[in-house]
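Each remark here refers to the structure printed beneath this line.
Whatever order the structure lists ligands and atoms in, that order sets their numbers, starting from 1.
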Amino acid sequence: MNCAMCEIHACRNNLEGAPKNCPSLDEDMDKLKELYRTEENYTIVKVSTKLAPQQGKTRIEETIDFAKQCGYKKIGLAFCNALANEAKIIDKVFTYNGFETESIICKVGGISRETVDLEHSSNSMCNPIVQANFLNKAKTDLNVVIGLCVGHDSLFIKYSEAPVTVLAVKDKVLAHNPLAAVYMADKYYKNKLFPPKEK
Ligand code: SF4
């Protein structure tokens, strides 16, 4: 599979002219499509596909629309300690828009970095497995990630029982806008993203 380097993008239409190694032509495609027929998957894909073309809405508005149209009532907010102020506002927004919320910070449990054999620090380590676990216990319908660190988000998503969507990704340099580095990949960020290789 190498869709990222494909110049044809035949999958946007009817697959005409698709390259030989195109995954759209895979023999398992019909079987895989059947997965959209389970109740939860059907609702999620139908609502999100319907909402995808709409223009002019911010990510948080889209998240609210998505949750409402899926019929979700209880929203779990899994947030990073560094975005605690933002989480408070986001909680108010969801509550105002008719949802019940459960929110949980990454530092929950206050567990030491020594748990994973790292040097002690006054900062406790993030605890994404417990974040997911508590939201599972609260039986949230949809969990929203707010700026969890790279990797902590992976564990949160791995352990969340409810579907997960990401409202914010953390980028400590670029005001939580990681694509800014990508847009500058051929200019100011070139040497950072494509560092000269050692010979
Ligand atoms: S699915 Fe096929 S046509 Fe679409 S981007 Fe990938 S290789 Fe290209």
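No side-chain donor from either of Lys46 and Gln69 sits under 3.5 Å from a side-chain acceptor of the other.
Between Ser24 and ligand 1 there is a heavy-atom distance shorter than 4.0 Å.
In terms of protein heavy-atom proximity, atom 2 (Fe) of ligand 1 is nearest to Cys22 SG, 2.4 Å. Scanning all protein heavy atoms for the shortest distance to atom 8 (Fe) of ligand 1 gives Cys6 SG, 2.4 Å. The protein non-hydrogen atom at the shortest distance from atom 6 (Fe) of ligand 1 is Cys3 SG, 2.4 Å. Protein heavy atom nearest atom 3 (S) of ligand 1, with residue, atom name and distance: Ala10 N, 3.2 Å.
Side-chain contact between Cys22 and Cys11: absent, with no pair of heavy atoms (C-beta onward) separated by less than 4.5 Å. Side-chain contact check for Tyr159 versus Val130: every heavy-atom pair is 4.5 Å or farther apart. Using a 4.5 Å heavy-atom cutoff, the side chains of Glu102 and Lys139 are not in contact. Residues Tyr36 and Ile44 fail the side-chain proximity criterion, which asks for heavy atoms closer than 4.5 Å.
Proximity annotation for atom 5 (S) of ligand 1: of His9, Glu16, Glu7, His9 comes nearest, heavy atoms only.
The proximity of Cys11 to ligand 1, defined as any non-hydrogen pair under 4.0 Å, involves the side chain as well as the backbone.
Contact check on Asp28 versus Lys31 returns a salt bridge, with a Lys/Arg side-chain nitrogen under 4.0 Å from an Asp/Glu carboxylate oxygen.
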